[in-house]
Each structure stands twice: as structure tokens, then as C-alpha cells.
Asker: 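Before we start, here is the structure in question, set down as C-alpha cells.
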Amino acid sequence: MSVSIVFHLLAALAYAVLGLALWRPIARAQDVRPSSTIGRSCLLGAIALHGIGLISAVVVPTGLHLGWALALSTAMWLGMIVFWIENFLLRLDSLLLLLLPAATLISLLAAIFPHGYLVPHANNDWLRVHLLIAMTAYGLITVAALHAMLMTVLDRHLHRPIEAEGEQGLIGRAMGAMPPLLTLEQLLFRLIGIGFIILTLTVITGIIVSLRISGQALPMDHKTVFTLLSWVTFGVLLAGRMIQGWRGRIALRWTLAGFAFLLLSYTGSRFVLEVILQRGTLG
């Protein structure tokens, strides 16, 4: 068993334990307390285990090794780092209700599907910069998408008939521990704004890399098309927010659509090639 698989499994276990610790008081109808210093330190430890697993899998002597599961794991890892830093500025521990299960699942997927391919031209400095920026954008937008999912559940919960406190189910009690929807919306657009800036840098560095390697600015392959569709989607969403004051469900739908395009730009296509078509050696 490789070092990467071991550390991804350890990270999945750590995320799962932290998730159970967060959901346990909700299941027992107890008050949910904000994360303590110990809790944040434990989360940082889980993120560190995750990072070691990624570095040992992606950075190899012959270059860079990537696959659909490793790309998804990288995005999730960077997203967890973004959340950990952001949580110091605006305490939103409730987002961990979705982040921790998602991180557990994705870490397990990276352990189960560790195979991939060597990235062509990995010694190109511009390509390395492009990949780092792209994965950072994916991480931010992954967190934003999970945040939007959480807001969707909360919005539906708020529109249900009011239940007696003793009659609330697990999801109802979890939603009751959430911050106000307006606060969540403000954080969502902050994440989308930063993510859009980094996604713009991804497009720019991608053009530079493509020109240096192939002489084409925008090769019309699936990665380019879906990345541009995602960039346009988030751009329209931010413009709609500024001009028309878009919010609520329309903002959530555009966020999830932009995330879906970004997911299809790399992870979805690699999943089809590596798992369904068994062509993991192709770039």
C-alpha cells in the first residue's frame, strides 16, 4: 500500500471523526458549540494528513502525477485550507456539516482510485503556476458550491411549517444551528468573488501555457470549453448581483451551474477516461 493511500485513508478517518463529533450534539438535540482551539487544531491536523497524501501522490520523481480522484482531492484540500483561514475572519462552523462528509468521501475516493497519468510538459514553470492557480480556483469554488447546497437546504427548511422543538428531526435541528441566511449569502458572494478572480487568472495563465506549448491561445477542447463556460457563468452571476441585486435561489442556481461546468472541465472527463473507458494513461 502506497504512502499516498495510507495518508488519504488517515485523512478520511480524521475528517469522519470530526464530522461525527459535530453531528453528535445535533442528533442528541443539544446546543452546537463553536469550534474550540482544540477543534481547529484537530481540523488542521486532518488537513495536514490530507496534504501529505496529496503531495506523495502528485509530486513524483518523473514529474507530476494526476488523475480525476487526485484532482478532486486537491480541490477539496485547498478548499479546506480556505475554510480554515476564512473561519478566523467569519465564524461559520456550520459549513463543516457538509465540508467534513464531503472531505471524507473525496479522501476515500483518492485512496480507492489513486491511478492517473503523468502531466505532459510538467517541467514547464508556467504550467506549474497554471496548475497551482487552477486547483486553488477549484478549491474555492468547491467550498462555494457546498456552501450554496447548505443554503438551499436552509432556504427550504425556512419555508416549511413551523414545528415544535421536540418534533424537529435531525436536519431541522441542524438547520436551526445555522447563522442567518443573509450572513451565509454574504459569505457565498465573497467566496465567489475571490474564486472568480482566481479563475480569471487560471484562464490567463492557461492561454500563456497553451501559446508556449502548442502556439494556440484557446484550443477548443473540453477542458477549455467547460472552464470558459464556468468563468462566464460566475461572471454573469456577479454582474447580476451588482446590477440587478440577484440573491436567494437564483444566485444558488447560478453558483451550482458554474460549479458543474468547472467539475466537467477536468474531473468529469478524467473519470470517464480512467474509470469507465479504462484509459488512464492518456493525457
Side-chain angles (χ1 to χ4, degrees), residues 47 71-103 106 130-156 158 175 178-207 223-268:
I47 294 171
L72 202 58
S73 180
T74 302
M76 189 74 248
W77 178 62
L78 290 169
M80 293 299 294
I81 293 174
V82 169
F83 169 82
W84 193 83
I85 296 172
E86 183 75 24
N87 206 31
F88 281 99
L89 305 175
L90 183 60
R91 298 299 303 278
L92 283 174
D93 297 314
S94 54
L95 187 54
L96 287 173
L97 292 172
L98 280 185
L99 277 177
L100 289 172
I106 291 173
H130 168 68
L131 288 174
L132 178 61
I133 294 173
M135 289 302 175
T136 303
Y138 291 174
L140 271 165
I141 293 172
T142 298
V143 173
L146 291 171
H147 191 84
M149 293 176 193
L150 187 66
M151 288 178 62
T152 301
V153 175
L154 179 58
D155 180 68
R156 291 179 179 177
L158 292 175
M175 293 302 102
M178 296 290 156
L181 197 57
L182 183 60
T183 302
L184 291 173
E185 187 175 79
Q186 290 171 345
L187 177 60
L188 175 65
F189 276 98
R190 180 189 299 182
L191 290 171
I192 292 172
I194 299 172
F196 179 73
I197 293 172
I198 299 179
L199 190 57
T200 302
L201 292 176
T202 300
V203 174
I204 294 171
T205 56
I207 291 173
K223 295 181 204 174
T224 303
V225 170
F226 282 117
T227 299
L228 289 176
L229 282 173
S230 178
W231 180 78
V232 169
T233 300
F234 285 114
V236 171
L237 172 57
L238 291 173
R241 170 76 168 182
M242 293 177 60
I243 299 170
Q244 298 291 335
W246 284 2
R247 51 175 305 182
R249 294 183 180 181
I250 187 170
L252 299 180
R253 289 168 186 160
W254 278 81
T255 301
L256 295 177
F259 172 69
F261 285 136
L262 198 60
L263 193 64
L264 288 171
S265 70
Y266 182 84
T267 307

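Quick note: residue numbers are just sequence positions, from 1.
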Asker: Quick check: does any side chain N or O of Ser230 sit under 3.5 Å from a backbone N or O of Gly258, one acting as donor and the other as acceptor?
Answerer: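 Yes; judged by distance alone, with no hydrogens or angles, the pair exists.
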Asker: Quick one: list whatever passes salt bridge (Lys or Arg N to Asp or Glu O under 4.0 Å) with Arg253, sequence neighbours left out.
Answerer: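 Once residues adjacent in sequence are excluded, Arg253 has no partner under the salt bridge (Lys or Arg N to Asp or Glu O under 4.0 Å) criterion.
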Asker: Please report the closest heavy-atom contact between Ile198 and Thr136, naming both atoms and the distance.
Answerer: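 Shortest heavy-atom separation between Ile198 and Thr136 comes out as CD1-CG2, 3.9 Å.
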Asker: Which pair of heavy atoms, one from Thr142 and one from Ala75, lies closest together, and at what distance?
Answerer: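 Of all heavy-atom pairs spanning Thr142 and Ala75, the closest is OG1-CB, 4.0 Å.
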Asker: Could you tell me if the side chain of Phe83 sits less than 4.5 Å from the side chain of Leu96, heavy atoms only?
Answerer: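 With C-beta onward as the side chain, the pair touches.
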Asker: Could you tell me if the ring centre of Trp231 sits under 6.0 Å from that of Phe196?
Answerer: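 Ring-ring flag for Trp231/Phe196: true, centres closer than 6.0 Å.
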Asker: Do the non-hydrogen side-chain atoms of Leu229 and Leu264 ever get within less than 4.5 Å of each other?
Answerer: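 Leu229 does not reach Leu264 side chain to side chain.
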Asker: State, yes or no, whether a side-chain contact exists between Phe226 and Leu262 at a heavy-atom distance under 4.5 Å.
Answerer: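 Not in contact.
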Asker: Can you find a pair of side-chain heavy atoms, one from Leu252 and one from Leu188, that are under 4.5 Å apart?
Answerer: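 When only atoms from C-beta onward are counted, Leu188 and Leu252 do touch, with a gap below 4.5 Å.
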Asker: Are any of the side-chain heavy atoms of Phe234 and Ile141 separated by less than 4.5 Å?
Answerer: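 Yes, side chains in contact.
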Asker: Flag the pair Tyr138 / Leu78 as yes when at least one side-chain heavy-atom distance between them is below 4.5 Å, and no otherwise.
Answerer: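 They are not in side-chain contact.
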Asker: Identify the two heavy atoms, one from Thr255 and one from Ala251, that lie closest to each other, and give their separation to 0.1 Å.
Answerer: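 Thr255 and Ala251 have their closest heavy atoms at OG1-O, 2.8 Å.
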Asker: So, taking the atom named CD1 in Ile194 and the one named CG in Leu140, what distance separates them when rounded to the nearest 0.5 Å?
Answerer: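 So the gap between those two atoms works out to 6.5 Å.
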Asker: Would you check, one step at a time, whether the test side chain to side chain contact (heavy atoms under 4.5 Å, CB included) holds for Phe189 with Leu237?
Answerer: CA-CA 9 Å; Phe189 276 98; Leu237 172 57; 4.1 Å; yes
Asker: Can we say Arg190 and Glu185 salt-bridge, meaning some charged N sits less than 4.0 Å from an Asp/Glu carboxylate O?
Answerer: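 Salt bridge absent between Arg190 and Glu185.
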Asker: Does any N or O in the side chain of His147 come within less than 3.5 Å of the main-chain N or O of Leu187, such that one atom is a donor and the other an acceptor?
Answerer: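 No.
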Asker: Considering non-hydrogen atoms only, spot the tightest contact between Ala103 and Met76 and give its length.
Answerer: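 Heavy-atom minimum between the residues: CA-CG, 3.8 Å.
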Asker: Return the minimal non-hydrogen interatomic distance between Met149 and Leu256, and the atom names on each side.
Answerer: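 Looking at all heavy atoms of both residues, the shortest contact is CG-CD2, 3.9 Å.
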Asker: Would you find a donor on one side and an acceptor on the other, under 3.5 Å apart, between the side chain of Thr227 and the backbone of Thr224?
Answerer: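 Such a contact is absent between Thr227 side chain and Thr224 backbone.
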Asker: For a quick test of reading the model, state the closest non-hydrogen atom pair linking Met80 to Ile47 and the distance between them.
Answerer: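 In terms of heavy atoms, the two residues are closest at O-CD1, 3.7 Å.
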